[in-house]
Structure formats: C-alpha cells, structure tokens
Amino acid sequence: MPVNINIADYKGKKVLVVSGDIDMYSSPVLREELMILVRNRIPVLFVDFKGVSYIDSSGIATFVEGLKAMKSYGGRLRFVGIPEGIMEIFSFSKLDKVFEIYRDIDEASA
Amino acid sequence: MPVNINIADYKGKKVLVVSGDIDMYSSPVLREELMILVRNRIPVLFVDFKGVSYIDSSGIATFVEGLKAMKSYGGRLRFVGIPEGIMEIFSFSKLDKVFEIYRDIDEASA
Amino acid sequence: MKDLVKINIPSHPKYLSLVRDVTVWMGRLNGLDEGITDNLKLAVDEACSNVIKHAYRGNTSGNIVVKYKITKKNFKVVLEDSGIKTDVESLKGRSLEDIRPGGLGIHFIKRVFDTFELDEKKKTGNRLILIKNLK
Amino acid sequence: MKDLVKINIPSHPKYLSLVRDVTVWMGRLNGLDEGITDNLKLAVDEACSNVIKHAYRGNTSGNIVVKYKITKKNFKVVLEDSGIKTDVESLKGRSLEDIRPGGLGIHFIKRVFDTFELDEKKKTGNRLILIKNLK
Ligand SMILES: Nc1ncnc2c1ncn2[C@@H]1O[C@H](COP(=O)(O)OP(=O)(O)O)[C@@H](O)[C@H]1O
Ligand SMILES: Nc1ncnc2c1ncn2[C@@H]1O[C@H](COP(=O)(O)OP(=O)(O)O)[C@@H](O)[C@H]1O
C-alpha cells in the first residue's frame, strides 16, 4: 500500500497521521514531513500509526532520527495506535523502551 | 484469492456459491462440483457469483460445458450476482446471451 | 534494459495467481487505470495458461519467463518457454458466435494488446511478444 | 530446479513492495503461518534494501535477482547483484542497546533466517543465501 502522510489537529494537538507501507521508498517522504515539524521546534508531536501496514528499518531509522532531533530542544515524540504487528517490530528492536507509546491520544494526555 | 465453492439452499433452490479467483488452477475443482450436480440431473441450478473476484477462459469453458450438459436433459443453469468486472467478460465473450443471467435469485424466480 | 522486471515460474497453474499479482502491480506502478490493468491481468494469465496447456502439454515441470518492459509509449510483456514449438497457424481463437468450451484465451489477449507476435527467431521453445500502446 | 520462482528487479526502492508481495505469496503458497510470512517479508525487503544501499551505493540502475526455492525442509531465498563486493566483516548489525538510526536490517534478517551466508565463490557481484529451516 502506498504511504499517505497527513498532519491533523486533535483537541489542539498536532498529529502526524501515517498510513500504508513505510519502507526505503516512502521513508524519505516521511522524513521530510517530520523534519519540517522538528525544524519548527514542535513541542509535542503525536504520530498516529493506526493505518500503518508495514514498517522496515529505514522507517524506524527515520523516527529514531526525529526523536533525537526533538530531544535536543526538549520536544516530545509520542506514538499512538500502533498495530500489533508493528509493535512486535518495535519490541524486537528494543525501541518500545525508547519511544513514548500510548494506546491513543486521550490516554497520552491523561 | 483462493477459490471457495459451496452448495447452498435458498428457499428450496440449489445454489452453487462460488467465491475467489476462478482460473486454470481452480476451475477443475469447480468442474467437479458442477458435474456431480449435472450427473444427478439437477433441474435448476443457480450459480451465485457475488464473491467471484476473477474468471478466466478456463472458468468460462467450465460453465459452457455445464450448460451444454444441462441442456441435454432440459435443465436450467442460472447465474446471479455477477459483479460488474465479471459481467464485462461475459459480454465481451457474447455469453451474456447464452447464459440466463439475473440480478438475484428472487428476480430469477419472479 | 532499465525498468525491466522479469519473473520465472514453473509451468504449473498454481503460479498463475502470482503472475496476475505481478501484472497488476506493474500496471499500478505505471499509473494505468484499473480497467486496463484488469484486462492486462487476464491477458497475461491467458498467455501463461496457453503455454502450460499447449507448449508444455500440461507438463508442470517446465519453466515460463515473463518479462515486463514499460515505457511511456508502451506496456510490453514477453513470454518465453522451452516447450514444443508453436505452429503460428494454430494461434487462432474460435469465432465468438460458435459457443463451445475453449477458444477464448487469444480473444482476451488481443482485446487489450495491440501487438501479438510470436518471435520466429527463437531457436528452441517460444517467445511471445505482447505490446499495448499507451497514448 | 523444480518449484523455483525467480524475480529480477531494478535496484530501485520502488520495487521493494513487489518483492514483499512475491515473498508473502510464496509463504502463503507453502502454507507458512502469517507471523512467519510477515517476518520473511521484512527480512527479504531488508536484504534487498541493503543491496541497493551498500552494493549499489544507491545507484538505481543495477539489477537484483531474488530466487525462492521452497521444499518441505526449508524456505530458501538467494539474492544476487552485480554491485560492489561486500566485505563480510562489515556485515554486522549494531548492538540493539546502542540506539541510533540504522543498523537494524541484519537483525531483522537473522531473526527469521537460520542461515545468512555470503557465497564467496561468486566472482563478481554478490550472492547472499538465506535459509529458514521448516520443522
Ligand atoms: N502458447 C501456445 N502454444 C501453442 N499453441 C497455442 C498457444 N496459445 C494458443 N495456441 C493455439 O491457439 C488456439 C486458441 O487458443 P485460445 O484462444 O487460448 O483457446 P484454447 O487454449 O482454449 O484452445 C489453441 O487451441 C492452440 O491451438
Ligand atoms: N548487501 C550488502 N552489501 C554490502 N554491505 C552490506 C550489505 N548488507 C549489509 N551490509 C553492511 O552491514 C551493515 C549493517 O547492515 P544493516 O543491519 O542492514 O544496517 P544499515 O544498512 O542500516 O547500516 C551495513 O552498514 C553495511 O556495512
């Protein structure tokens, strides 16, 4: 499935809504969107994974890079709606302990 | 999609419910089911195409063979629920005039 | 030979659905509309089925190569096999008026492909060249 | 060489999704369960991505061959390229504790494949042999 990236607003919070396959072909597109937000020093960014059907190491690398960049200015990167199969990849990569992961935005904001 | 063939009863009528891709690999399975019914001289047989995602010339040949066999003893072969893409193939092959085609079983029985 | 995708499969009908998936994938990658892609899927499937039935006489241990070469101008598919040489004269569909089982495959192929050509230069086996012109 | 499926693609990332589809198709045809098939899909994708990144240094006009040979005993995938020879010593993932971008691909490959072997006999280019033992 081709990747689709949108920036949405949920109760005043910025959400990067990603769907489709994140691979070496589509991750540069994701990186670009993410880095625009990071350059503007977005304080809190949610990434909605609900529609993500696939992620490979290049997609993960993109998020690790985004996280490092955000940490440099004290920003917070929060993942929500991660499907089971994708979560399994984060856990295997020991990144479930590195990223802030929540069920949904409401849980993250509680 | 792998083919799936079931025999159902709808208001006392026998229906061959086919779903998935009918191709050179799966049409022998379809042929077998069809010919069992034909050998038993089924008077009226409905074929429900709603779930059919694909049909090629071997699938069409199977139904032409079934129709010929049924005609030999005065049986009727009736198609219902043909999806648009499949209908287009029947029309191109000029078989929309050879097979009895109805929207659904109720229409065919009216 | 840029942008060439090639797939080799055994001459067994169970691999036809793989060829269909690859054909649809190539159609989509190249932005063809769904109706045309569906017709290409059926046509390439029919061409492979014919190789299994006629060139290999149902022997499932042969090999079929399907090559896709897509440019702005055309969608080209080349099928190669090592089966029995095809008699060009026999490559004919039945009349559409003559209702009987079989004889539709070539109609489905020629419906979407503008060129349907057996490469006479191939020494053993067959090479079928199918080209759809894109506007 | 029965039951061998082979696909050739250009060394361009846009073809990775085709390789994933073919890998999933091969897993399903052979009745592997969905979890394993998903892992194979990721692993073969990572192996192809590495060929594009490292063997071809991002040059998208190279060629990658992916061969699938499946028996009751194992699911074997062989990748061939004509890129720069791989230094076996460099074929190492990063420590999973050392969080930084990159360095995960080989972990994803070795997670599902029991054999991960570079064929030293290949004169030019590379041949990577991946084997998953099936019970
Ligand atoms: N690849 C092939 N090799 C040899 N003969 C072929 C091949 N494809 C088609 N033919 C010939 O063309 C005829 C018509 O083909 P087709 O329209 O596909 O119908 P069918 O295969 O059902 O007979 C076949 O009966 C066969 O004689
Ligand atoms: N096909 C290949 N050809 C050459 N070197 C490779 C290949 N695959 C992997 N490598 C080497 O192995 C290292 C680790 O690979 P990997 O775990 O996939 O992480 P990454 O590619 O993100 O660095 C790479 O940095 C590279 O040096």
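A, B, ... follow the sequence lines: proteins, then strands. Residue 1 opens every chain. Keep in mind that what you see is a predicted model, and the values were worked out from it rather than measured.
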### Part of Leu67(A) lying under 4.5 Å from any heavy atom of chain D
neither
### Message
One pair to check against side chain to side chain contact (heavy atoms under 4.5 Å, CB included): Phe108(D) and Ile89(A). What are the steps and the verdict?
### Response
CA-CA 9 Å; Phe108(D) 289 143; Ile89(A) 291 170; 3.6 Å; yes
### Summary
Looking only at heavy atoms, the pair that brings Ala61(A) and Pro101(D) closest together is O-CB, 3.7 Å
Pairs of donor and acceptor atoms under 3.5 Å between chain D and chain A, please, with atom names and distances.
residue   : atom : partner  : partner atom : Å
Arg20(D)  : NH1  : Asp23(A) : OD2          : 2.8
Arg20(D)  : NH2  : Asp21(A) : OD2          : 2.9
Arg20(D)  : NH2  : Asp23(A) : OD2          : 3.2
Asp45(D)  : OD2  : Tyr54(A) : OH           : 3.2
Glu46(D)  : OE1  : Ser57(A) : OG           : 2.6
Glu46(D)  : OE2  : Ser57(A) : N            : 2.6
Glu46(D)  : OE2  : Ser57(A) : OG           : 3.1
Glu97(D)  : OE2  : Lys94(A) : NZ           : 3.0
Ile99(D)  : O    : Lys68(A) : NZ           : 2.8
Arg111(D) : NH1  : Glu88(A) : OE1          : 3.4
Arg111(D) : NH1  : Glu88(A) : OE2          : 2.6

### Task
Output all residues satisfying ring pair (Phe, Tyr, Trp, His ring centres under 6.0 Å) with Phe46(A), sequence neighbours left out; order by chain, then residue number.
none
